[in-house]
> 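Before we start, here is the structure in question, set down as structure tokens.
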Amino acid sequence: MNKSMETVRRRRDWVTLLGMIFFLAIVAAEIGVAVGVPLWVRREGVMAENVLRLDAIEQFDFLRRRISNNLSSVKTDLGRYEASLMYSTLNHFANYMHEYVEDMSIRQFQQVHQRVIQLGAVAGAHERKRVYAERREIDFSGVLAALAAPPVPASAEAAP
């Protein structure tokens, strides 16, 4: 009987030790969550800003590639001029963005994102062969006729 009591006591010691290990693990996990969650939330806020920045730059570069590919397919001179104007403007702006990406605020990136969306709509219309500039002929015949007419003497203008 003495041997069975010793076995029970050992089993209790192991169960007690296992319970204490589980208890300490749960307490450590709770402390880890209590400390880690605020750090994670703060880091996620920073990560969200970085994701917004990278997304804006990616969309911007995609639009540049799209307009660049569209340059060769434009048939009219005005369409090529418009596309090359959009492309060169985007190139200058992209150079600025890539150089100062770390200094730009989230608000500025949101503004860039809005401009990219607007310019994407213009580029989409341009891809559908819609040219915004129209070639207009100026009729100089009336001006030339007035210049070619003989001058009216000053005394004739004064006498009604």
Side-chain angles (χ1 to χ4, degrees), residues 1-140:
M1 182 129 149
N2 197 8
K3 196 167 195 148
S4 66
M5 285 300 270
E6 192 175 314
T7 306
V8 170
R9 195 176 299 144
R10 272 193 236 149
R11 283 188 186 164
R12 273 194 238 153
D13 290 342
W14 284 103
V15 171
T16 305
L17 182 63
L18 192 59
M20 287 176 54
I21 289 172
F22 281 145
F23 175 75
L24 291 176
I26 290 171
V27 168
E30 287 180 1
I31 290 173
V33 167
V35 171
V37 167
L39 294 175
W40 179 74
V41 168
R42 189 176 309 132
R43 189 186 69 180
E44 285 299 313
V46 171
M47 294 300 286
E49 291 176 5
N50 288 336
V51 166
L52 178 66
R53 289 176 186 201
L54 291 175
D55 187 42
I57 290 172
E58 184 178 317
Q59 287 182 355
F60 194 77
D61 288 339
F62 172 75
L63 184 60
R64 284 176 46 204
R65 281 191 306 274
R66 188 170 131 195
I67 291 174
S68 173
N69 294 338
N70 190 29
L71 274 172
S72 60
S73 66
V74 177
K75 304 289 188 244
T76 64
D77 288 340
L78 286 175
R80 275 194 298 279
Y81 295 150
E82 285 180 359
S84 66
L85 178 64
M86 283 190 285
Y87 185 69
S88 65
T89 301
L90 284 172
N91 278 338
H92 289 294
F93 196 53
N95 290 336
Y96 176 83
M97 277 181 48
H98 286 294
E99 187 173 342
Y100 297 107
V101 68
E102 297 300 323
D103 298 332
M104 291 176 71
S105 69
I106 293 302
R107 183 172 167 265
Q108 290 171 325
F109 269 99
Q110 288 171 340
Q111 290 174 345
V112 166
H113 193 281
Q114 291 297 325
R115 297 294 182 239
V116 168
I117 289 171
Q118 291 171 350
L119 197 54
V122 171
H126 199 268
E127 287 173 352
R128 291 187 300 273
K129 310 300 184 225
R130 178 178 172 198
V131 179
Y132 285 93
E134 296 178 12
R135 185 176 298 262
R136 295 184 181 177
E137 298 294 326
I138 299 174
D139 185 18
F140 289 108

> Locate the shortest heavy-atom distance separating Leu63 from Val116; write the atom from each residue and the value.
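So the minimum-distance heavy-atom pair works out to CD2-O, 3.8 Å.
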
> Work out which heavy atom in Arg64 is nearest to a heavy atom in Asn91; give both atom names and the distance.
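In this case the closest contact between Arg64 and Asn91 is NE-OD1, 3.0 Å.
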
> Side chains of Arg107 and Gln110: do they bring a donor and an acceptor to under 3.5 Å?
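Checked: Arg107/Gln110 side chains show no N/O donor-acceptor pair below 3.5 Å.
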
> Going through the distances and angles, do Gln118 and Arg115 end up as a side chain to side chain contact (heavy atoms under 4.5 Å, CB included)?
CA-CA 5 Å; Gln118 291 171 350; Arg115 297 294 182 239; 3.2 Å; yes

> Should we count CD of Gln111 as having more than 12 external heavy atoms under 6.0 Å?
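Yes, the 6.0 Å shell around CD holds more than 12 heavy atoms from other groups.
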
> Please report the interatomic distance CD1(Ile21) to CD1(Ile26), rounded to the nearest 0.5 Å.
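Result: 12.0 Å between the selected atoms.
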
> Could you grab the distance from atom CG of Leu17 to atom CZ of Phe22, nearest 0.5 Å is fine?
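That separation rounds to 10.5 Å.
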
> Could you state the interatomic distance from CG (Leu119) to CD1 (Ile67), rounded to the nearest 0.5 Å?
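Reported value, rounded in 0.5 Å steps: 5.0 Å.
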
> Working to the nearest 0.5 angstrom, can you tell me the gap between Ser68 OG and Asp61 CG?
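Separation between the atoms: 12.0 Å.
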
> Looking at NE2 of His92 and OH of Tyr87, how far apart are the two atoms once the value is rounded to the nearest 0.5 Å?
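Rounded to the nearest 0.5 Å, the NE2-OH separation comes to 11.0 Å.
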
